[in-house]
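See structure below.
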Amino acid sequence: MSKPDKGMNVPEDLLYTEDHEWIRVVDDKNGICGITDHAQNALGDIVFVEFLSNIVHSKIERRETVAVVESPKAASDVYSPAAGTIQTVNRKVEDTPELINQDPYGEGWLFKIEIAGKSSLENLLKPSEYLKLIKEG
Amino acid sequence: MNVELIFEKSDSGQNNYKLPEWKGPSSSIIPPGYIRTGINLPDCSEPAVVRHYNNLSKMNFGVDNGMYPLGSCTMKYNPKINERISGKKIYSSIHPFAGEESSQGVLRILFEFSEYLCRITGLGGFTLSPAAGSHGELTGVMVIKKYFESIGEKRSTILIPDSAHGTNPASVAMCGFNVKEVPSNSDGDVDFNKFMEMLDKDVAGMMLTCPNTLGLFDRNIIKIAEALHKNGSLFYGDGANLNALVGRVRFRDVGFDLMHINLHKTFSTPHGGGGPGSGPLGAADHLVKFLPVTIVIKDGERFGIDSDRPDSIGRVHSFYGNFSICLRAYIYIRMLGCDGLKDISDTAVLNANYLMSQLKNIFNLPINRKCMHEFILNDKGLPNGITTNDISKRILDYGFHSPTVYFPLLIHGAIMIEPTETESYESLQRFIDVMKTIRKECDAEPEKILGAPHNTPVKRVDTVLAAKKPVLKWGD
């Protein structure tokens, strides 16, 4: 398989949002989330990541803000792709935000969530749908 | 170019100016701990000081040096007569405690200025207190809150389109309301169907920036106003971009209940940089009673101050706002008159549309429709990995300030251009020629673009390093 274009890496095993977050559903209950390759590429060098205070263990709705990522171009809210309870956040990216640029789907993950129920994963985009969105956008 | 600070140029014994030693009695009022024995001032000779600051000023770039097409900021030329008049001693030496009797002229200016703003917007009353556009917004949202308290209704949501000014959500959040973002459609108008879905009895109001940050006049504005009012909600207009419509659109007729105006953008007052600024807030008749104290009133032939306003939200600024800024705007309005004000918006819109028509075949134009006072290009389709950032740096090499870049966020890689009404046809033409040259360089000499700027005192700045490891003060 050929290497995807810059900012166009959309792994097959994830689900996506229109706001450019991804979620890896580990089992029925748990998910890992971050921002997509497209998002990090559009933002450019990420220089600052801040999680909302007391976000760990708090219950949130889908599309509620979990963190803010900032580049020289813009500051952008990161929303939760699903409703649930935030279990942990990746403190490593606070000190080394460049991990999000280097490895958005791996080392640059942002938070883990206990998903409220299967229904909260409805309406997320499949890889093919997300790829279509960013190609047309 | 690394310029030494004046402190680094300091060398002991350079400054031979000495204050005579104090021979009188010392005051015992100041506690000894607060008396300084030495002041750490740089030790430089007079010529060294003069040269230092003159050389720094030569490295600066302002609208008095050249065209400054910074979208959303309206870097228009400010006539020097504003400075000449407002700098006169009769204005610069007045004191807020001087009393009504000896301040009749000043009060008259403030009163008449409010009247002019009422005539321009069609609103019932204005407060000149807010010290910035964002402050005007905050005051406006406080009025919204007070209004719903007064009629005993509890509403907690304010709708804001994604094409609004970024300060709008901040003002709303500071007043304890929830922000709900209304998406735009692909033409840059508010998505009316989505808006209607979001409009319920919890909506206290909507804040619409008009023209919006895409430089567009929302074609649904009348429908939005009607729907809001039918729902019992208020319509707040962010009038920062009034410079596109002054004298042409009376916003009360459109349906705005509240509207602030950033004086610098429309009425040629100095730009921020820490102030002083001014962001007067206007209110429709039924909301005037909530405006902050104090208000200048006219009783017969006399002007006075009214602080006894029981329904007012209170005071938002000491005394009466930033008088000298209001004075400059007043001068501008008096100088231009009604017809002149129409010329401001006509020329601002004409200039922007002319530039857009000349540049849209050279760079990508994401939203292709008639613009108001500004428009947006982006870097889509540029060769050799060249981005908006590179283009903006190369523009500096040709003696222009760069447009606004990467704003608004709605458009990827935005290059936002606002020529303003004060640029001549010749200067617009020079800018077009430069943009054409730069586009050719993108293909033929990309290294020139990628390495720009080459001709400025400071070359390309490492913005990532500056954000990660900012050096904010000199020395230890």
Side-chain angles (χ1 to χ4, degrees), chain A residues 3-8 17-21 35-50 52-53 60-65 68-80 92-102 108 123 125 130-137, chain B residues 72 160 162 165-167 169-170 173 178-186 191 194 197-198 213 364 366-367 376 378-393 402-416 460-471:
Chain A
K3 207 172 160 250
D5 286 346
K6 218 173 142 193
M8 287 294 175
T17 69
E18 286 169 0
D19 303 306
H20 310 288
E21 293 99 6
I35 64 168
T36 64
D37 184 41
H38 179 77
Q40 70 77 20
N41 185 55
L43 280 165
D45 293 294
I46 292 166
V47 294
F48 188 68
V49 180
E50 186 180 27
L52 262 63
S53 54
I60 57 164
E61 292 298 316
R62 189 180 167 198
R63 230 175 164 261
E64 237 180 86
T65 304
V68 181
V69 294
E70 200 175 322
S71 78
K73 288 182 200 169
S76 185
D77 284 358
V78 180
Y79 305 122
S80 176
K92 229 170 142 186
V93 296
E94 290 178 315
D95 293 328
T96 45
E98 58 270 25
L99 286 176
I100 300 171
N101 293 115
Q102 290 158 3
N123 302 323
L125 302 175
Y130 181 67
L131 194 63
K132 192 165 168 255
L133 174 88
I134 58 177
K135 272 189 178 158
E136 285 169 3
Chain B
S72 186
I160 300 181
D162 54 9
H165 279 130
T167 43
N178 299 319
V179 181
K180 280 200 183 147
E181 191 179 272
V182 189
S184 301
N185 61 27
S186 57
D191 187 328
K194 289 260 169 65
E197 280 169 28
M198 297 169 87
T213 56
N364 184 53
I367 297 177
I376 298 165
N378 72 355
D379 55 3
K380 197 173 173 187
L382 288 180
N384 301 314
I386 289 167
T387 64
T388 289
N389 191 38
D390 304 313
I391 299 292
S392 73
K393 302 297 181 201
S402 183
T404 295
V405 292
Y406 300 109
F407 178 87
L409 300 175
L410 281 175
I411 305 289
H412 182 76
I415 304 174
M416 189 187 208
R460 195 171 296 206
V461 175
D462 187 342
T463 45
V464 175
L465 186 70
K468 280 185 175 171
K469 292 197 174 106
V471 180

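Every chain is numbered from 1, with letters handed out A, B, ... down the list of sequences. Since the model is a prediction, treat every value here as computed from it, not as a measurement.
- Scanning for side chain to side chain contact (heavy atoms under 4.5 Å, CB included) contacts around B:Lys393 gives B:Asn389, B:Ala452, B:Pro453, B:Arg460, with sequence neighbours left out.
- A distance of 7.0 Å separates CG in A:Asn41 from NE2 in B:His412, rounded to the nearest 0.5 Å.
- A salt bridge links A:Glu98 with B:Lys468: at least one charged nitrogen is closer than 4.0 Å to a carboxylate oxygen.
- The neighbour count for A:Glu94 CD, taken as heavy atoms of other residues, nucleotides or ligands under 6.0 Å away, is above 12.
- Heavy-atom minimum distance, A:Val47 versus B:Ala467: CG2-CB, 3.6 Å.
- Residues that satisfy the salt bridge (Lys or Arg N to Asp or Glu O under 4.0 Å) test with A:Glu18, not counting sequence neighbours, are absent from this structure.
- The nearest pair of heavy atoms linking A:Ala75 to B:Leu409 is O-CD1, 4.3 Å.
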